[in-house]
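The structure appears below as structure tokens.
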Amino acid sequence: MTGAYRSESGIELPAVAGPDDVRPGLDARLGAPGEYPFTRGVYPTMYTSRPWTMRQYAGFGTARESNARYHQLLAAGGHGLSVAFDLPTQMGYDSDDPIARGEVGKVGVAIDSIDDMRTLFDRIPLGEVSTSMTINAPAAVLLLLYQLVAEEQGVPGAKLTGTIQNDVLKEYIARGTYIFPPRPSLRLVADTFGYCAAELPRWNTISISGYHMAEAGATPVQEIAFTLADGIEYVRTAVEAGLSVDDFAPRLSFFFVARTTLLEEVAKFRAARRIWARIMRERFGATNPKAQMLRFHTQTAGVQLTAQQPEVNLVRVAVQGLGAVLGGTQSLHTNSYDEAIALPTEKAARLALRTQQVLAYETDLTGTVDPFAGSYLVESMTDEVEDAAVALIDKVFEHGSAVAAIESGFQKRQIELSAYEVAQQIESGERTVVGVNRFVTDDDEPYQPLRVDPAIGAEQEKRLAALRADRDDPAVRAALDTVRAAAAGTDNVLPPLKAALAARATVGEVCHALRDVWGTYRPVEQF
Ligand SMILES: C[C@H](C(=O)O)C(=O)SCCNC(=O)CCNC(=O)[C@H](O)C(C)(C)COP(=O)(O)OP(=O)(O)OC[C@H]1O[C@@H](n2cnc3c(N)ncnc32)[C@H](O)[C@@H]1OP(=O)(O)O
């Protein structure tokens with residue numbers, strides 16, 4: 001390589017960093033751990049009093065199979081649950097909808113109704129375990145099903161802890177599971193904030209996500225800038241809906257990637273906390289410190305895993321996870337080594353969890369807080385990532401709002417340009433990917449991927465037919481009419497949604513009721 005090393009975001013690294021690389025005023029930029037601007041972490045004691053939450057994302061096939069995987073993960077020492085839903089559920093369609101054919105139970109679990117949700121959490125005490133659900137456009141619907149099942153277990157809403165992803169804006173930018181146009185989607189998000197503040201006060205109402213943008217090619221700077229810009233949009237919407245920032249913002253959470261480029265990643269996490277604290281205090285007038293804290297989940301970078309020599313992924317994941325912990329993550333998913341090929345096998349899923357257990361229990365990482373504080377290199381990179389991200393957030397808002405920028409295709413285009421550059425670097429050999437363009441071998445061992453049983457679609461169809469034959473249909477129709485009326489007006493839509501789901505309306509039926517009023521989003525293709 002010639003010339004200075006440039007980071008993933010294009011920041012030049014000094015070959016040897018020294019005191020001159022750190023700008024004056026470091027103490028004020030750092031603060032103490034647990035204090036504004038939270039550069040050193042959101043809690044004063046961080047992992048010295050409690051390690052991060054080990055939360056492995058899992059789910060496939062039917063509710064029964066996924067329930068078995070959750071029991072395995074908890075028995076293996078996992079701390080919290082993280083549910084992956086299949087595409088039809090994520091898009092608000094029932095398993096027997098023609099559009100769902102071939103996709104039922106593939107990338108996650110199929111959930112059609114309260115009956116499936118009850119099975120999913122069978123023998124799991126919802127008052128004790130915290131559960132994350134990666135669900136966006138229909139997040140309110142799955143959250144209400146969870147609440148209904150918890151109530152059946154005798155657990156009141158006030159005791160429930162967990163997170164819904166509920167971040168529709170990044171779906172338009174990178175992930176693609178949107179249903180409604182941006183504006184009604186934002187209204188549904190604000191309704192969910194309001195409902196949770198009253199009914200589920202310990203629930204994290206959103207996981208504002210940069211992970212998927214990173215997987216699509218965003219640089220670290222783009223990842224945090226576009227994510228924080230989305231965060232601003234959510235806060236603005238909720239404030240305009242009459243909610244108090246000090247009340248709802250403590251339950252906002254974030255979700256980022258951890259790449260193998262560990263130093264820049266640590267700088268990224270620290271910069272993101274600092275920028276968000278300032279935005280909340282200065283732009284939105286938050287005075288509650290909890291409303292200024294950026295708490296986040298991390299997943300190791302799936303896009304960096306390779307199908308060639310898949311065991312090497314174990315090493316990559318360990319390095320990525322190390323960066324997340326050094327950056328002060330609240331919760332972590334470490335990918336399985338076989339994820340570039342298929343859904344993780346049970347063995348691979350266990351090894352992935354073991355990776356974080358080694359980090360937590362065999363290293364000295366939990367003995368001290370923010371060990372990189374004062375590092376010439378990491379402090380200077382934190383400043384540089386911060387400056388570049390703030391400048392990019394300003395660029396987003398030159399479009400008027402994050403939504404307007406999304407509608408113009410701005411973020412998506414920037415991310416695609418970054419992805420193109422990386423692809424070219426791999427192609428030319430300028431960027432090394434071990435086992436792919438260097439250190440290649442012909443003798444990869446055969447690997448038996450986990451396959452989802454194709455009969456699952458038919459099985460779900462049968463369960464749905466039984467449900468529809470065994471419920472009070474006029475009551476379901478009346479409840480769906482009430483959902484439509486709330487969606488057309490200004491009342492919070494969650495209470496009527498809950499009533500419809502309790503009457504055993506399906507996920508697809510309630511989402512269709514909302515589609516009737518709000519319509520569906522059609523993306524504008526730019527190229
Ligand atoms: C790729 C894929 C896809 O596309 O499909 C995906 O999206 S997968 C996406 C998967 N997404 C996820 O798994 C998201 C996970 N997110 C979360 O779990 C949350 O949003 C989170 C990031 C805020 C982490 O929440 P958590 O409950 O695990 O952890 P917390 O940090 O909130 O800790 C739990 C409780 O312990 C307390 N606590 C923790 N540590 C300390 C400490 N050192 N001192 C004092 N208190 C502490 C917290 O205040 C909190 O209590 P209290 O609550 O009372 O304050």
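Order of listing sets the numbers, starting from 1, for every ligand and every atom in it. Small disclaimer: the values here were computed from a predicted structure and weren't measured.
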Task: Contacts of Thr334 that satisfy side-chain hydrogen bond (donor to acceptor under 3.5 Å, both in side chains) - sequence neighbours left out - done: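 Listed in chain order: Gln56, Gln356.
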TODO: Indicate the atoms forming the closest heavy-atom contact of Ile406 with Gln411, along with that distance.
DONE: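 Nearest pair, atom of Ile406 first, then Gln411: N-OE1, 3.2 Å.
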- [ ] Can you tell me which residue pairs pass the side chain to side chain donor-acceptor pair (under 3.5 Å) test with a partner in residues 101-110, sequence neighbours excluded?
- [x]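 Sorted pair list comes back empty.
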TODO: Using the side chain to side chain contact (heavy atoms under 4.5 Å, CB included) rule, pick out the option among Thr134, Ile111, Val109 that qualifies with Val83.
DONE: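 Single side chain to side chain contact (heavy atoms under 4.5 Å, CB included) partner of Val83 among Thr134, Ile111, Val109: Val109.
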Task: Trp276/Phe296 aromatic ring centres below 6.0 Å - done: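 No, they do not, as the ring centres are separated by 6.0 Å or more.
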TODO: Write out the protein residues near ligand 1, meaning a non-hydrogen atom under 4.0 Å from one of its atoms, in order of chain and number.
DONE: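 Ligand 1 pocket, heavy atoms under 4.0 Å: Tyr43, Thr45, Met46, Ser49, Arg50, Thr53, Arg55, Tyr57, Ser82, Ser132, Thr134, Thr163, Gln165, Arg175, Asn204, Tyr211, His212, Arg251, Ser253, Phe255, Arg295, Phe296, His297, Gln299, Gln330, Ser331.
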Open item on the list: Can you list everything that forms a ring-ring contact (aromatic ring centres under 6.0 Å, His included) with Tyr93? Sequence neighbours excluded, please.
Closed with: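 ring-ring contact (aromatic ring centres under 6.0 Å, His included) check on Tyr93 returns His512.
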